[in-house]
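So you know, we letter chains A, B, ... as the sequences are listed, proteins then strands, and number each from 1. Heavy-atom basis, side chains included; hydrogens, waters and symmetry copies ignored. Computed from a predicted model, the values in this text were never measured in an experiment.
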Amino acid sequence: MSTYDPSKIEPRWQKYWLENKTFKTPENKDKPKYYILDMFPYPSGSGLHVGHPEGYTATDILARYKRMKGFNVLHPIGWDAFGLPAEQYAVKTGTHPRETTEKNIKIFREQLQMLGFSYDWDREVDTTDPNYYKWTQWIFLKLFERGLAYESEEPVNWCPELGTVLANEEVIDGKSEVGGFPVIRRPMRQWVLKITAYAERLLEDLEGLDWPESTKEMQRNWIGKSIGAEIDFAVPQHEEKIRVFTTRPDTIFGATYMVLAPEHYLVDVVTTDEQKEEVAKYKEYAEQKSDLERQDLSKQKSGVFTGGYAINPANGKEIPIWIADYVLAHYGTGAIMAVPGEDERDWEFAEQYGLPIVRTVQPPDDFEGTAFTGDGPSINSDFLDGLYITDAKTKIINWLEENGVGKKSVNYKLRDWLFSRQRYWGEPFPIIHVDGEPKPVPEKDLPVTLPDVDDFQPTKTGEPPLARAKNWVETTDPETGKKALRETNTMPQWAGSCWYYLRYISPDFDGGPVDQNEEKYWMPVDLYVGGSEHSVLHLLYARFWHKVLYDCGVVSTKEPFQKLVHQGMILGEVEYTAYEKDGKIISAEEAAKTEGVKRVKLSENDVEKKGERFVMKGTEIMVDSKAHKMSKSRGNVINPDDVVEKYGADSLRLYEMFMGPLEQVKPWSTKGVEGVNRFLNRTWRLFFGENKEEKINISEDNPSSEQLKVLHEAIKKVTEDIENMRFNTAISALMIFVNEANSWENVPRSVAEPFLILLSPFAPHIAEEIWNRLGHKQSLAHEDWPQFKEEFLVEESVEIPVQVNGKVRANITVPADKQKDKEFVIGLAKQQKNIIRYLDKTTIIKEIFVPGRIVNLVVK
RNA sequence: GCGAGAGUGGCGGAAUUGGUAGACGCGCCAGAUUUAGGAUCUGGUACUUUAACCGGUGUGGGGGUUCGAGUCCCCCCUCUCGUACCA
């Protein structure tokens, strides 16, 4: 083998690493630890796409680097293997999901190994393994014991197409997140987790986390804390009072009507006989609207008068009670006091139905809008008049509390977590029903394993597939011997991924989900890398479970993931598109406004840049230039297997890191892969030369100061860049080294070897191969990371730009030991031919001198 | 609407604390090698002016601070992502 051939060297090292357990997590605890985690992959049937290796390569570089820096590194991988696709495949083909899952895991594992990731394969976990889900069930029992898991008969998001209910977080625009099927609301008995009990802590503890600000903000918004007041409105002739939640109790004097959600439990109480029919009609109308329709029709408000009245406790006035679906049953108390003067939604509604509007905050003179939501002095508000919002709030809340009609109150948007699914391929609940009451399965009887069934289809009535396993469902209560029925719902896919990072710490431990001695050493996760699509769902659920486990004394940290980074999506190659209408090409701008246009794909050679836009070559016709999301339908999916086959895993890893900053969205470019592949070829030639035999081009000479300088520049840059996860510029520094070194007569071993170590986290196969050919018997994975030494960077002379009035007019070369000598440097600067020209007939009014950096002469 | 982030060559992207804008890679141009193509190597490549030097203009647009601004401040435009009747 005389040329660089990744297909030969890569499998060899992959095999070596596996057989020698090169990346086994150390057992001793005498070094600092580093826990570096990838988000739990779902082993889908279609295998890896190029998005996976992006985050995985980033973490792998860090893991390999940290090992060489003297850390004990925990870098595991496993499978979030419960889930719908395997089950749907089972419904279609009758293949047991376990079979499909096992097959897919095998493919995934092989693909990951093919990319040379340094996982500790002895710690692989699989959520579908009974030894794993035993502890998922155990944690559920903890939740149950603490009153954080309860059954509830509530309207839920039922998706007929998927045959299951979905969590609010899984419903997007009224459709299922998975598959995009319509979702309707329907009451069913469900398990619910009381995540709301942790709302405040989930919010507060975001503070100390090193997470992207946008992700923290999304979680804050999702939790949606708002501070205000609950106020009771009496209803004449009725016992019940209507309680509302408002963030603007200061505007109560402007509450000219009330609105209840159509589902509110007092609607029928307050409705008068005359309005009964109309109210019933509206309720039915609102009920039938799906969430999607509610949003579509949001521009036009609707509602009906109930005929009833309530008393505004602030001024004793009677105000009409309406129902309208712009008030949501599940937020606050499901009822509002409407203050049209100060709230845009109420204003719109009041205007539509001719309800009175009273302003309670004085808008500025030039205010021209409708409702005024800004700050200002209170008006029309009796004892609040003149007070600004903050003071008015304090005063009215005191007044409400004194008069027993209201109190300060905090409200959260966050709702309890709907935790059951009508599916087969999920964790069974460790719950039996005795006399209709739920009862935990004793800990010693865990795990409750999945029974086999012959049909994976949910029943039309919404009975889960597990209900078909009669012998399994019908059991006896081990305590009383009574007949009992097992819970037939299963847990959602989130369950297993809520705590997997703990199982990696002690995957074989059988005394609990995690060995606490190990947990104290390894937690928290130091770096967690994964897609931003999990910003709310997984990351909020996992934080919730972690806090519960903290309260149970199972874990020692309040938060699981100290630092979080999202890798950006990789888009397809840039595409140029022209638009055709009736056989004629029209501009992209026109096409956007025209019906029935045909898209024509152009090659890069057909277009050119003109001003801000791309046009067809030689014309003025504008075309679109855009990188699109990879999708099967668009046919722009890049398959990592193909890239590895053609260029090797090292090239794929290197390219994905070289594309740009990790967090950024970026388009794929096959030409770019060729570029980094060329770099690896040049690297190979640096060691083995042009000669066809395998002669090593390395000398045992002492390095020159120039060679040391080039090496140490690389060490400095690569080290700093890895620490800051700037992999693209680290690779650039490696390229600069190779470009320089290729011009040398020979490469001294003492320069070549440190370089190989710098290269190895990025392109581990080629680095190991060359290392080995340099005569080393052992992997370089545990070598020491080279130490950067400032002394080698010292230049003999430095170049300093000379500016006149802020513009560079000359460059001067100054001996290094003179670079801080102001007089010398400025003196030299003034002798430059081009500088003399600019100084002619002027007066220097200021001389700026930044040692070693710049000279600026300000003249007049 | 609201929230967050981003606008730099033909393209992906570099630029410590304000101090030579365009590192590195792609593409393109020229040359070497080759029967030819590919691969490889060498050099060039922001725009503009020039034979060349010397200049001029340039980091979405406008203003400001500064000896000096891609970087700091104010206003505006565009794009991406998230979110949406949350009282």
Return the polar atom pairs (N/O with N/O) between nucleotides 4-7 of chain B and the protein under 3.5 Å, or none.
none

Do [X] and [Y] get their side chains close enough for a donor-acceptor pair, meaning under 3.5 Å?
| X | Y | result |
| --- | --- | --- |
| Thr670(A) | Tyr647(A) | no |
| Asn411(A) | Ser226(A) | no |
| Glu344(A) | Thr373(A) | no |
| Glu348(A) | Tyr326(A) | no |

Next item on the list: Specify the residue among Asp343(A) and Ile731(A) whose closest nucleotide of RNA chain B lies further upstream toward the 5′ end.
Entry: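 The answer here is Ile731(A).
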Next item on the list: Between Val676(A) and Phe245(A), just flag the one whose closest nucleotide in RNA chain B comes earlier from the 5' side.
Entry: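 On the 5' side of the pair lies Val676(A).
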Using Watson-Crick or G-U wobble geometry with both distances below 3.5 Å, tell me the partner of [N], or none.
| N | value |
| --- | --- |
| rC41(B) | rG31(B) |
| rA87(B) | none |
| rG5(B) | rC79(B) |

Protein-nucleotides 56-59 of chain B N/O pairs closer than 3.5 Å?
unit_1, atom_1, unit_2, atom_2, d
rG56(B), OP1, Arg809(A), NH2, 3.2
rG56(B), OP2, Arg809(A), NH1, 3.1

Protein and nucleotides 48-53 of chain B: nitrogen or oxygen contacts under 3.5 angstrom:
none

Would you mind reading off the distance between [X] atom [atom1] and [N] atom [atom2], rounded to a whole angstrom?
| X | N | atom1 | atom2 | value |
| --- | --- | --- | --- | --- |
| Leu857(A) | rU20(B) | CG | P | 16 Å |
| Phe849(A) | rG19(B) | CZ | C1' | 13 Å |
| Glu847(A) | rC67(B) | CD | C1' | 12 Å |

Counting side-chain heavy atoms from C-beta on, which of [options] comes nearest to [X]?
| X | options | answer |
| --- | --- | --- |
| Arg682(A) | rG25(B), rU20(B), rC67(B) | rG25(B) |
| Ile736(A) | rG19(B), rC54(B), rC24(B) | rC24(B) |
| Lys846(A) | rC24(B), rG19(B), rC67(B) | rC67(B) |
| Met735(A) | rC41(B), rA87(B), rG25(B) | rG25(B) |
| Thr247(A) | rC41(B), rA87(B), rA23(B) | rA87(B) |
| Asn856(A) | rU20(B), rG55(B), rG68(B) | rG68(B) |

Check the interface with nucleotides 11-14 of chain B: list each N/O to N/O pair with the protein under 3.5 Å, or write none.
unit_1, atom_1, unit_2, atom_2, d
rC11(B), OP1, Lys609(A), NZ, 2.7
rG12(B), O2', Met659(A), O, 2.7
rG13(B), OP1, Gln664(A), NE2, 2.7
rG13(B), O3', Asn728(A), ND2, 3.4
rA14(B), OP1, Asn728(A), ND2, 3.1

Strictly under 3.5 Å: I want the nitrogen or oxygen pairs between protein and nucleotides 43-45 of chain B, one per line.
none

Next item on the list: Using salt bridge (Lys or Arg N to Asp or Glu O under 4.0 Å) as the criterion, list what pairs up with Glu847(A), not counting sequence neighbours.
Entry: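 Glu847(A) satisfies salt bridge (Lys or Arg N to Asp or Glu O under 4.0 Å) with Lys830(A) only.
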Hey, are [X] and [Y] close enough for a salt bridge, meaning a charged N less than 4.0 Å from a carboxylate O?
| X | Y | result |
| --- | --- | --- |
| Glu674(A) | Lys646(A) | no |
| Asp232(A) | Lys241(A) | no |
| Glu713(A) | Lys717(A) | no |
| Asp250(A) | Lys393(A) | no |

Check: Using atom C1' of each nucleotide, how far apart are rA39(B) and rG5(B) to the nearest Å?
Finding: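 About 42 Å, rounded to a whole number of Å.
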Check: Does Val855(A) have any side-chain contact (heavy atoms from CB on, under 4.5 Å) partners at least two apart in sequence or in another chain, and if so, which?
Finding: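 Here the qualifying residues are Ile800(A), Val802(A), Val825(A), Ile826(A), Ala829(A), Phe849(A), Leu857(A).
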Next item on the list: If a pair satisfies side chain to side chain donor-acceptor pair (under 3.5 Å) and one of its residues is in residues 651-663 of chain A, list it, with sequence neighbours excluded.
Entry: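 Checked against side chain to side chain donor-acceptor pair (under 3.5 Å) - neighbours excluded - the pairs reaching residues 651-663 of chain A are Asp60(A)-Arg653(A), Ser651(A)-Asn677(A).
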Under the rule for ring-ring contact (aromatic ring centres under 6.0 Å, His included), what residues qualify as partners of [X], not counting sequence neighbours?
| X | value |
| --- | --- |
| Tyr353(A) | Trp322(A), Phe349(A) |
| Phe679(A) | none |
| Phe727(A) | none |
| Tyr576(A) | Phe614(A) |

Check: Does rG9(B) fall in syn (glycosidic angle within 90° of 0) or anti?
Finding: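 Chi for rG9(B) falls in the syn range.
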On the nucleotide [N], are OP1 or OP2 found under 4.0 Å from the side-chain N or O atoms that [X] carries?
| X | N | result |
| --- | --- | --- |
| Arg678(A) | rA39(B) | no |
| Asn739(A) | rA23(B) | no |
| Arg220(A) | rG82(B) | no |

Check: Of the non-hydrogen atoms in Val327(A) and Gly334(A), which two are nearest, and what is the gap between them?
Finding: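 Shortest heavy-atom contact: CG1-O, 3.6 Å.
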